[in-house]
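Read the structure below first, then the notes.
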Amino acid sequence: MLVSSTHTAHAQEKSGIKEGFVLKEQSAKILLIRPTIKVGAQSTGRMFEPNADWTAQAKENLGAALAVAQGRLGNEVIVAEEPIGAAAEKMADYRALFSVLADSVIRYQFFPGNRLPTKKRKGVFDWTMGPGVAEIGKGTGADYALFIHNEDQYGSTGRKILQIVAAMAYVSVKSGEHAGYAGLVDLRTGDLVWLNADRAMGGDVRTPEGAQKRIAQLLEDFPGSTSKPAPAIAAAK
């Protein structure tokens with residue numbers, strides 16, 4: 001079943017789940033892969049300029065919000081240890097592979113107008129990383145791996161001025177981009193069983209409250225999640 005949050009038949013879809021996939025509460029162990037987090041400014045020319053301080057704030061805030069959210073995922077969640085040496089390279093390769101896979105799903109599945117011929121049948125959500133991904137879960141007993149990617153580009157002063165000037169000429173210029181996605185991969189088969197993506201997310205990840213909102217958006221409609229309310233998180237120290 002393909003889950004859509006669109007309002008029109010041709011608008012972008014944001015979430016998909018493998019046909020027939022059901023994740024019952026307390027039935028599986030999920031390996032949480034360290035999220036990829038990028039935060040910076042968007043230059044006047046729309047170039048991304050990383051900001052180390054903002055990224056550090058976001059990592060701390062999103063980490064705290066994610067720790068709270070883990071209790072609502074309905075299954076046992078374990079955090080993957082950061083490997084070293086050759087294992088670290090392998091983990092980096094799989095993070096990169098997941099990024100490519102997610103971008104392909106967003107481009108060729110979530111935009112119905114771009115949908116590949118093999119993906120046009122109603123209900124088809126057939127994407128995979130390949131069975132080799134089982135390597136990253138070796139020794140953990142995990143059934144699934146959860147990948148998260150988050151990128152925020154805050155419009156610079158120059159970009160905002162350009163946006164105002166362009167508006168006076170009736171030209172649309174976007175200032176700032178806030179995108180992210182989360183995906184669940186079956187470690188036995190490598191199949192992507194769920195993906196949620198949004199290229200216009202809310203919440204300022206530089207604040208604890210904004211990060212909590214962002215994590216809630218990233219994990220929206222997570223398979224087998226519970227409706228238990230998350231406790232408020234304390235402000236980052």
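Looking at Thr128, its side chain does come within 3.5 Å of a backbone N or O of Gly190 through a donor-acceptor pair. Of the possible polar contacts, none joining the Gln163 side chain to the Ser172 backbone as a donor-acceptor pair under 3.5 Å is found. Side-chain atoms of Gln42 come within 3.5 Å of backbone N or O of Gly176 as a donor-acceptor pair. Although no hydrogens or angles enter the test, the distance criterion places a donor-acceptor pair under 3.5 Å between the side chain of Gln217 and the main chain of Gly202. Of the possible donor and acceptor atoms, one in the side chain of Asn75 sits under 3.5 Å from a partner among the backbone N and O of Ser27. Between the side chain of Arg214 and the main chain of Gly203, a donor-acceptor pair closer than 3.5 Å is present.
Between Thr55 atom OG1 and Glu151 atom CD the span is 9.5 Å, to the nearest 0.5 Å. From Leu146, atom CG reaches atom CD1 of Ile78 across 11.5 Å, with rounding to the nearest 0.5 Å. Rounded to the nearest 0.5 Å, atoms NZ (Lys174) and CZ (Arg159) are 10.0 Å apart. The distance from the CZ atom of Arg34 to the CD1 atom of Ile148 is 12.5 Å, given to the nearest 0.5 Å.
The ring pair (Phe, Tyr, Trp, His ring centres under 6.0 Å) check on Phe21 picks up Tyr144, with sequence neighbours excluded. For Glu135, the side chain to side chain donor-acceptor pair (under 3.5 Å) partners two or more places apart in sequence, or in a different chain, are Lys90, Tyr94. With sequence neighbours left out, the side chain to side chain donor-acceptor pair (under 3.5 Å) criterion links Arg95 to Glu82. Applying the salt bridge (charged side-chain N to carboxylate O under 4.0 Å, His left out) test to Arg107 and every residue at least two apart in sequence or in another chain returns nothing. For His178, the side chain to side chain donor-acceptor pair (under 3.5 Å) partners two or more places apart in sequence, or in a different chain, are Asp152. Residues passing the salt bridge (charged side-chain N to carboxylate O under 4.0 Å, His left out) test with Arg206 are Asp204, sequence neighbours excluded.
Salt bridge status for Lys14 with Asp198: present, with a side-chain N to carboxylate O gap under 4.0 Å.
For NZ of Lys38, the number of neighbouring non-hydrogen atoms (other residues, nucleotides, ligands) closer than 6.0 Å is 12 at most. Within 6.0 Å of the CD atom in Glu81, the count of heavy atoms belonging to other residues, nucleotides or ligands does not exceed 12.
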Query - Derivation and outcome, side chain to side chain contact (heavy atoms under 4.5 Å, CB included), residues Arg199 and Ile106 - result: CA-CA 10 Å; Arg199 289 183 168 174; Ile106 293 168; 3.5 Å; yes
Requested in this report: Please lay out, stage by stage, how Val68 and Ile215 fare under the test side chain to side chain contact (heavy atoms under 4.5 Å, CB included).
Outcome: CA-CA 10 Å; Val68 172; Ile215 289 297; over 6 Å; no
Report task. Please test Leu31 against Lys29 for side chain to side chain contact (heavy atoms under 4.5 Å, CB included), starting from the C-alpha separation and ending with a verdict. Result -> CA-CA 7 Å; Leu31 183 65; Lys29 182 183 285 188; over 6 Å; no
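Put simply, the side chain of Asn150 does not reach to within 4.5 Å of the side chain of Thr36, judged on heavy atoms.
Side-chain atoms of Tyr181 and Ser99 include a donor-acceptor pair closer than 3.5 Å.
For Trp54 and Tyr154, the ring centers are positioned less than 6.0 Å apart.
In this pair, Phe147 and Phe98 present their aromatic rings parallel. The plane angle is below 30°, not in the 30 to 60° band.
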